[in-house]
Amino acid sequence: VPPALTYDELPRALDALRSAENIVIACHINPDGDTIGSMVALALGLEQLGKRPTLLSSDGIPQTLTFLPGLARIQTETDARNFDLAVVVDAGEMARVGKSRAAVESAPVLLDIDHHVTPGPFGTINLLDARAAATGEIIYDVLTHLGVTFTPEIAQCLLCALLTDTGSFRYMNVTPRTMALAGALIEQGGSPTEIAEEVFEKRTYAMQKLLGRAMESLQRTPDGRIVWAHVTQADFDEFGATDADTEGIVGAVRAVRDAEVALFFREMASGKLRVSLRAHDPHDVASVAQLFGGGGHRLAAGCTLNGPLADAERVLVNAVQDALYRENHIRVFGEPPTVNHRWMAS
Ligand SMILES: [Mn+2]
């Protein structure tokens, strides 16, 4: 395995973990494989050292991750306030621990472990590194430094963190080190086959039907640069679908050849439209989402618009066209005048 990442505050983090006894570990709301895998792997390692970890997931455990070992330790909330140390994994910001916040903030020391480096560290001790493809990579280093034995359970949790946060090792965040760690984790008993089957191949009937409706609605601009799709509230009602059943749709829209920006519109019961925006490098959809009061990352963002659906689609597609034009204009001529779309935001 290539050398570990280096963190300025690693010695302080290790001291804090070694000296604490009651440790509360919190993951982020709407949890994914990285935050759950990182939290459980860290807890299993700390238990080897005789610690008593309390695991908090404000939003519980998504169906797709229920195969992971060690999940019985996770609770959605706690009244306990006797913690020596709090650890928050993969959250980006404190607000994203949800209702775990009171327990986390009751501890005298807060360790923030993350590969999201914006909006910035919020711990008293911080292990942040954007070069890590997943927070699980940082947890791997921490457990190694603590002298923990990598059991098959720990390996499976960390492999799940790496595999899910890299889109099965396909995203730009993958490094040689990511692959080397994955190899080590397989040697230690992790199973990529089990993770892939559980996470990607147990889609619900409603998910597949919604995906069908979305693909049926697919449209694109004449130049093919912008592609979009929608599902209506009627589709949701017909299949008894929930928000979780839209998983994978925006990725399917983005996968259209020559698409530079993909949009997915989800009609809500209120009549408003929740929109997921995805860009291929080097485009920036966060700036478009921000025009409508939303936000996100350059390549993945979201916002909410007023209905009806057809108007929202027209307005947002126009805004993306403006943004693509602006990007080109800035490259060639410098800053053009700005366009204000804020009036359409819900
Ligand atoms: Mn992550």
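Counting starts at 1 for both ligands and their atoms, following the listed order. If you read the sequence from its start, that first residue is 1, and numbering goes on from there. What you see is a predicted model, and the numbers here were worked out from it, not measured in a lab.
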message = As a test of reading the structure, name the N/O/S atom of Asp34 that is nearest the Mn ion (ligand 1).
response = OD2
request  = Using a cut-off of strictly less than 2.8 Å, determine whether His116 has an N/O/S atom near the Mn ion (ligand 1).
outcome  = no
ask   = Does the side-chain contact (heavy atoms from CB on, under 4.5 Å) test come out yes or no for Val104 and Met94, once each step is laid out?
value = CA-CA 9 Å; Val104 165; Met94 190 60 174; 3.4 Å; yes
request  = Specify whether Tyr140 and Phe150 have parallel, tilted or perpendicular ring planes, treating 30° as the upper limit for parallel and 60° as the lower limit for perpendicular.
outcome  = tilted
note = Among the N/O/S atoms of Asp90, the Mn ion (ligand 1) lies closest to OD1
remark   = Which of Asp114, Leu10, Ile113 passes side chain to side chain contact (heavy atoms under 4.5 Å, CB included) with Ile138? It is Ile113
ask   = Mind checking whether Pro53 and Leu55 have side chains closer than 4.5 Å, heavy atoms only?
value = yes
note = Here the N/O/S atom of Asp165 closest to the Mn ion (ligand 1) would be OD2
